[in-house]
There are 2 protein chains.
Amino acid sequence: MENLREMFQVMTRRFGFLNKNCCSTGGYDISLVQSHILYEIDKQHKPSMQQIAETLGTDITTFSRQVQSLIKMNLVKKNTDPDDKRVSILSLTTEGVYIAESIDQQMNAYLNEVFSHMNEFERETVVRSIKLLNESMAKSSKCCTTPLG
Amino acid sequence: MENLREMFQVMTRRFGFLNKNCCSTGGYDISLVQSHILYEIDKQHKPSMQQIAETLGTDITTFSRQVQSLIKMNLVKKNTDPDDKRVSILSLTTEGVYIAESIDQQMNAYLNEVFSHMNEFERETVVRSIKLLNESMAKSSKCCTTPLG
DNA sequence: TTTTTTACTTGCAATTTGCAAGTATTTTAT
DNA sequence: ATAAAATACTTGCAAATTGCAAGTAAAAAA
């Protein structure tokens, strides 16, 4: 059997580079972690601080400060949940949405370029495989969840 | 078409968690970046500092210090290349090999567990897909290489 | 031989990190 | 109804990680 880890290591490293490249797109000085925060806020529905921090596997105190800087940059808003005044609901500002979308476009453009080296059949196979992989990882209770959770 | 980026983001995040979990296995206090350094030194043949730093996309100065700490921990050795006294050849100590291997085993065990949720056909498809993906990413000149290279 | 390039190291100064300890609100006893 | 416990988040550190600028030493080019 081939070395699974090696394949994954190479793939995720490459994807990591791509991610790093893309987040500094558009003149804005966004760090990789910040781009992930923007991405998740955009994706989740009215998320709280805890939720995003949990999703990203970031310590809540670190996350708190990252959000503060994103608010200063006017990319993220924070609203206290009316039902529970302890929790802060996060959302993107118009500018934040713009940045998040432009990063997303870049990423997808690059990924499409990568996929252009395959034929239609290969593309479909790969897409299905990644879905399968994600499902399997989700099923696995032992692994692949946040380090401290 | 599905959102490629989302699929990749989820997958690599999960793999990242796995990576983080695994590197702190075995009582040793190894950071994620350090585990990646050990991995690459193990993988490459008599690599120089530059080579590993380049592979990992790390600034050479940062890398220099990381290696120093790994040497202090007695996991890595540095030997000056006899053919060019400027370059340092990196290698793992016996202890380093042990750590690297135990991380590798953990990782592969977890990945096998993930793959156990698939049938034989799916497994093969997924493995082939990841290989394909890696080849395609390698072909793509635009993307997926080190940020500053 | 001098100049330039290359491989690496150190000096900062800035950023990022997480634990401990805080505040404020809500939930759970009693 | 009130005290105690839990939850959501924030701040104070102090340590670790980062990268640029400037260094050393060796090799290659001029």
Side-chain angles (χ1 to χ4, degrees), chain A residues 16-17 19-21 23-24 28-38 40-41 44 46-73 75-91 146-149, chain B residues 16-17 19-21 23-24 28-38 40-41 44 46-73 75-91 146-149:
Chain A
F17 288 151
N19 236 330
K20 221 175 210 170
N21 288 334
C23 74
S24 44
Y28 272 82
D29 205 11
I30 304 256
S31 76
L32 184 59
V33 283
Q34 289 174 337
S35 88
H36 283 135
I37 295 174
L38 294 181
E40 275 304 321
I41 294 178
Q44 291 186 28
K46 298 201 170 200
S48 70
M49 301 267 294
Q50 299 269 9
Q51 274 167 39
I52 304 284
E54 160 76 19
T55 306
L56 298 175
T58 321
D59 186 277
I60 184 71
T61 71
T62 303
F63 184 76
S64 172
R65 276 179 269 248
Q66 288 284 6
V67 166
Q68 280 171 39
S69 72
L70 284 169
I71 289 174
K72 253 182 208 151
M73 295 165 88
L75 300 177
V76 165
K77 273 178 299 187
K78 210 159 53 169
N79 291 308
T80 28
D81 185 342
D83 296 339
D84 187 338
K85 288 168 194 162
R86 291 169 304 178
V87 342
S88 295
I89 304 289
L90 298 173
S91 58
T146 141
L148 304 170
Chain B
F17 287 152
N19 237 329
K20 221 175 210 169
N21 287 334
C23 73
S24 44
Y28 272 82
D29 204 13
I30 303 256
S31 75
L32 185 59
V33 282
Q34 289 175 339
S35 87
H36 283 134
I37 295 174
L38 293 181
E40 276 303 322
I41 294 179
Q44 292 186 27
K46 298 200 170 201
S48 70
M49 302 268 295
Q50 298 269 8
Q51 274 168 38
I52 305 284
E54 160 77 19
T55 307
L56 298 176
T58 320
D59 186 275
I60 185 70
T61 72
T62 303
F63 183 75
S64 173
R65 276 179 268 248
Q66 288 285 4
V67 166
Q68 280 171 40
S69 72
L70 284 170
I71 288 174
K72 253 182 209 152
M73 296 164 86
L75 301 177
V76 165
K77 273 178 299 187
K78 211 160 52 171
N79 290 307
T80 30
D81 185 342
D83 296 340
D84 186 339
K85 288 169 194 162
R86 292 170 303 179
V87 342
S88 297
I89 304 288
L90 298 173
S91 58
T146 140
L148 304 170

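Because only heavy atoms are used, hydrogens play no part in the values below, and waters and symmetry mates are left out as well, while side chains stay in.
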Examine [N]: is either OP1 or OP2 under 4.0 Å from a nitrogen or oxygen in the side chain of [X]? Give yes or no.
X: Q68(A); N: dC9(D); result: no
X: S64(B); N: dT9(C); result: yes
X: T62(B); N: dG19(D); result: yes
X: Q66(A); N: dT17(C); result: yes

> Starting at the 5' end of DNA chain C and moving along, which residue's nearest nucleotide shows up first, Q51(B) or Q34(A)?
Replying inline: Q51(B)

>> Restricting to non-hydrogen atoms, name the atom on A53(B) and the atom on I60(B) that form the minimum distance, rounded to 0.1 Å.
In response: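 Looks like CB-CD1, 4.0 Å.
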
Between [atom2] on [N] and [atom1] on [X], what's the gap in Å once rounded to a whole number?
X: M49(B); N: dT6(C); atom1: CE; atom2: P; answer: 17 Å
X: D29(A); N: dT15(C); atom1: CG; atom2: P; answer: 10 Å
X: L32(A); N: dT16(C); atom1: CG; atom2: P; answer: 11 Å
X: E54(B); N: dA7(C); atom1: CD; atom2: C1'; answer: 14 Å
X: K72(B); N: dA16(D); atom1: NZ; atom2: C1'; answer: 13 Å
X: H36(B); N: dT17(D); atom1: NE2; atom2: C1'; answer: 16 Å
X: Q50(A); N: dT25(C); atom1: CD; atom2: C1'; answer: 13 Å
X: D59(A); N: dA16(D); atom1: CG; atom2: P; answer: 16 Å

> How would you list, by chain and number, every residue that makes a side chain to side chain donor-acceptor pair (under 3.5 Å) with D84(A), sequence neighbours excluded?
Replying inline: R86(A)

> side chain to side chain donor-acceptor pair (under 3.5 Å) with Q51(B): which residues, sequence neighbours excluded?
Replying inline: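 Not a single residue meets the side chain to side chain donor-acceptor pair (under 3.5 Å) criterion with Q51(B).
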
>> Return a single string for nucleotides 21-30 of chain D, one symbol per nucleotide in 5' to 3' order, where B is base contact, S is sugar-phosphate-only contact and - is none, cutoff 4.0 angstrom on heavy atoms.
In response: B----BS---

>> For a 4.5 angstrom cut-off between non-hydrogen side-chain atoms, does V33(B) reach T58(B)?
In response: no

>> For a 4.5 angstrom cut-off between non-hydrogen side-chain atoms, does Q34(B) reach L38(B)?
In response: no

> E40(A) and Q44(A): side-chain donor and acceptor closer than 3.5 Å?
Replying inline: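 Their side chains do contain a donor-acceptor pair, which is all the 3.5 Å distance test asks for.
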
> What distance do D59(A) atom CG and Q66(A) atom CD have between them, rounded to the nearest 0.5 Å?
Replying inline: 11.5 Å

